[in-house]
**Student:** 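Provided herewith is a single structure, encoded as structure tokens, for subsequent inquiry.
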Amino acid sequence: MKTFTYSILSLFSAVTLLTSCGNNNNSSGGALNSSNAEKVYVAPGEKDEFYAFMSGGYSGNLTVYGLPSGRMFKEIPVFSQFPTSGYGYSEETKPMLETSHGFIPWDDSHHPDISQTNGELDGRWIFINGNNTPRIARISLTTFETVEIIEVPNSAGNHSSSFVTENTEYVVAGTRFSVPIPQRDMPIKDYKGNFKGSLSFISVDPESGHMDIKFQLMMPGFDYDLSHPGRDKSHGWFFFTTYNTEEANSLLEVNASQNDKDFIAAVNWKKIEEYVNNGGGTKVPANYAHNLYDESTHMATTTMKKEVLTVDPLKVPGAVFFLPTPKSPHGVDVDPSGEYIIGNGKLSADLTVHSFTKMLDAIENKKFDGEAYGIPILKFEDVLAGTVQSGGLGPLHTEFDGKGNGYTTFFISSEVVKWKLGTWEVVDRQPTYYSVGHIMIPGGNSRKPFGKYAVALNKITKDRYLPVGPEMEHSAQLYDITGEKMELIYDFPTHGEPHYAAGIPASILAPKSQKIYRLDENKHPYAVLTPDQARVERKGNEVHVYMSTIRSHFTPDNIEGVKVGDKVYFHITNHEQDFDVPHGFAMIGQNTSELLVMPGQTKTSVWEPKQVGVWPFYCTDFCSALHQEMQGYVRVSPASSTLELSWSLGED
Ligand code: CUA
């Protein structure tokens, strides 16, 4: 009886709760109200207005979402092996993950940035940095595939990366951790004064997009946290935040928080470029991988590079200055006009805004406040444009809407604060759930932002979704920023740990998205352009299977004469020329992933049979009604067998 009463009571309170919840939603105009629902509802068959590219963090990848729907369209493998497509498993893509440390199948991807022309998004490529084993990747925004990865030598914790200058002259990669340069065996306690921080300017060929390290600036041994390019009036400059200007090598949470101010390093890269073009700089030995994917051969190659050009900032007077910035600044962001450089001191409540015009004046009139390792420190008061007294805590990153407003995330107080450029007045603040890191407004890091939505990228999800064990996916929150007040209109989970993101109108990318690879342009050396070219060849213990696929069979599908100890290469050409009809390939006992071969493309999978028998392979993609029939067999004989190679399709 007792139990019964209790149940009735709890049922009653549950109903009460539900009712009051319902009332709340109706009266508060929260995220469930119908007009907000309409704002994010993309009806079946309709398309999103924006693409959002979210860094995958420790997934090593880049994910593509639609805005406002929050639907995930694709995960683009970048620094990590990806069995869904066979990236990093296929023979053609393995070279993409080569480094000076060997084959590295993983990284921590951080800050995507879309290529620009005249300071506006041009939608040709998107760049992203590998944080752990320093690398920069270029992804084609036609194929949505990673097409180039360059390793960054003399760098460690490649965090102040990968941001582009306003005509994509350079993609810039700054080291987070300073290290001995060149690397050598030395006591860690001798860090101070001996370690260096490299800031790498990687040139981007305007036609092909190919990357090359133009120069590395050898800076004092601070931590270089984030960076952003100057734009418009400040084009030609690049800004990097520093922390640990104390140069501590242990217990940084205490020892790197001693100085009241760290610096934003202002680098006049045009001046250094000129110096370098006139023969300046020192070539030093280095060892780093440059991996390039060729879209006509469908194949990546690795070139190990052996030297890099370094520049000592003291050799280029007038090129590098320090702007004092309070409290271990994290993000540094530049407004669309290029005038304001916003420093987000992560242990501070206020934002420090520097003026580019005042900075030039201070340089001109030598308003210095000492120097650090010979680099002039500008007087704080003489470069300060203003302070945003936000009332929040732990500012990290700022984006802009192109209508005179900045939007800054506050990690500790879990909110986005909107403020006015020039008056520094806070006009709105909205909570985030919870602990927001980056924020993204499409084009918000360019001269021309598309100020309709802001996406907050949160670090802690907790109670926002159904629980799935101890760890939740991270969470994005979408704000409508068209009005004076921001409005939270949607939550959606994101994969990995998104750091930065980059958004672009769908109208720029969608029309040029590639639908197939043309078979008549396929230059892969092992391609089979017509089914009658399909064959199997032996070269010693290597067996090369030249195979084609079309709905719904492999040519050939019966292979005999393979022996234990052979290395079998399946070179598979997909003969489809229709959009969205890949075929897959998987072989039993293969110690690699399946392949997913796009229409017109050739990919290679290796299998080393260990056991005698007749072993099947099959198509992994449900390509047609007869997908289940898309299969074949390889007969494996003992190593001593003298059975000749033979192959067939449709013969008994
Ligand atoms: Cu081809 Cu399933």
Side-chain angles (χ1 to χ4, degrees), residues 72-77 81-94 143-145 295 297-299 513-522 524-536 543-560 562 568-607 609 613-636 647-652:
M72 187 175 114
F73 299 143
K74 185 175 183 176
E75 181 165 0
I76 302 173
Q81 283 182 304
F82 194 60
T84 307
S85 66
Y87 178 87
Y89 291 100
S90 73
E91 292 304 295
E92 288 80 1
T93 53
K94 278 181 186 168
T143 60
F144 290 66
E145 298 282 352
E295 288 182 352
T297 61
H298 306 287
M299 201 173 283
S513 177
Q514 190 157 325
K515 295 200 160 57
I516 59 162
Y517 294 94
R518 283 180 54 172
L519 198 55
D520 60 1
E521 291 174 355
N522 182 331
H524 191 294
Y526 290 93
V528 176
L529 299 182
T530 56
D532 60 2
Q533 293 172 351
R535 63 197 184 276
V536 184
V543 175
H544 291 269
V545 181
Y546 294 72
M547 185 180 269
S548 69
T549 59
I550 198 146
R551 280 163 287 184
S552 298
H553 60 270
F554 294 96
T555 309
D557 67 357
N558 279 203
I559 300 165
E560 301 198 2
V562 169
V568 184
Y569 292 84
F570 294 94
H571 307 288
I572 299 156
T573 304
N574 182 353
H575 280 193
E576 305 287 351
Q577 291 287 269
D578 276 353
F579 183 32
D580 201 18
V581 191
H583 289 290
F585 176 84
M587 181 79 223
I588 191 170
Q590 196 177 22
N591 62 353
T592 181
S593 79
E594 56 108 36
L595 293 184
L596 200 63
V597 190
M598 297 303 124
Q601 194 178 39
T602 304
K603 278 186 181 170
T604 302
S605 192
V606 172
W607 176 50
V614 178
W615 304 106
F617 56 86
Y618 71 98
C619 171
T620 49
D621 188 273
F622 207 107
C623 51
S624 71
L626 297 176
H627 154 76
Q628 288 297 79
E629 282 71 11
M630 197 162 172
Q631 63 179 58
Y633 286 103
V634 180
R635 173 180 169 189
V636 178
W647 62 93
S648 62
L649 169 75
E651 294 156 28
D652 283 316

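One-based numbering, in listed order, for ligands and for the atoms of each. Given the structure is predicted, the values throughout are model-derived calculations rather than measurements.
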**Student:** In terms of the angle between their ring planes, are Phe617 and Phe570 parallel, tilted or perpendicular, with boundaries placed at 30° and 60°?
**Tutor:**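 Ring orientation of Phe617 relative to Phe570: tilted.
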
**Student:** To check your reading of the site, what angle at atom 2 (Cu) of ligand 1 do SG of Cys623 and O of Asp621 form, to 10°?
**Tutor:**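 SG of Cys623, atom 2 (Cu) of ligand 1 and O of Asp621 span an angle of about 100°.
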
**Student:** Any side-chain donor-acceptor pair under 3.5 Å between Ser593 and Gln81?
**Tutor:**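 Note: Ser593 and Gln81 side chains miss the donor-acceptor criterion.
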
**Student:** Could you tell me whether any N, O or S atom belonging to Met630 is less than 2.8 Å from atom 1 (Cu) of ligand 1?
**Tutor:**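 Yes, since at least one N, O or S atom of Met630 sits under 2.8 Å from atom 1 (Cu) of ligand 1.
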
**Student:** Walk me through whether His571 and Thr604 qualify under side chain to side chain contact (heavy atoms under 4.5 Å, CB included).
**Tutor:** CA-CA 4 Å; His571 307 288; Thr604 302; 2.8 Å; yes

**Student:** Please state whether the separation between atom 1 (Cu) of ligand 1 and some N/O/S atom of His627 is under 2.8 Å?
**Tutor:**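 Given the 2.8 Å cut-off, His627 does not count as a ligand of atom 1 (Cu) of ligand 1.
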
**Student:** Atom 2 (Cu) of ligand 1 and His583: any N/O/S contact shorter than 2.8 Å?
**Tutor:**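 Looking at His583, which is the residue asked about, there is no N, O or S atom under 2.8 Å from atom 2 (Cu) of ligand 1.
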
**Student:** Any Lys/Arg nitrogen of Glu145 or Lys74 sitting under 4.0 Å from an Asp/Glu carboxylate oxygen of the other?
**Tutor:**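 Result for this pair is yes, salt bridge flagged.
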
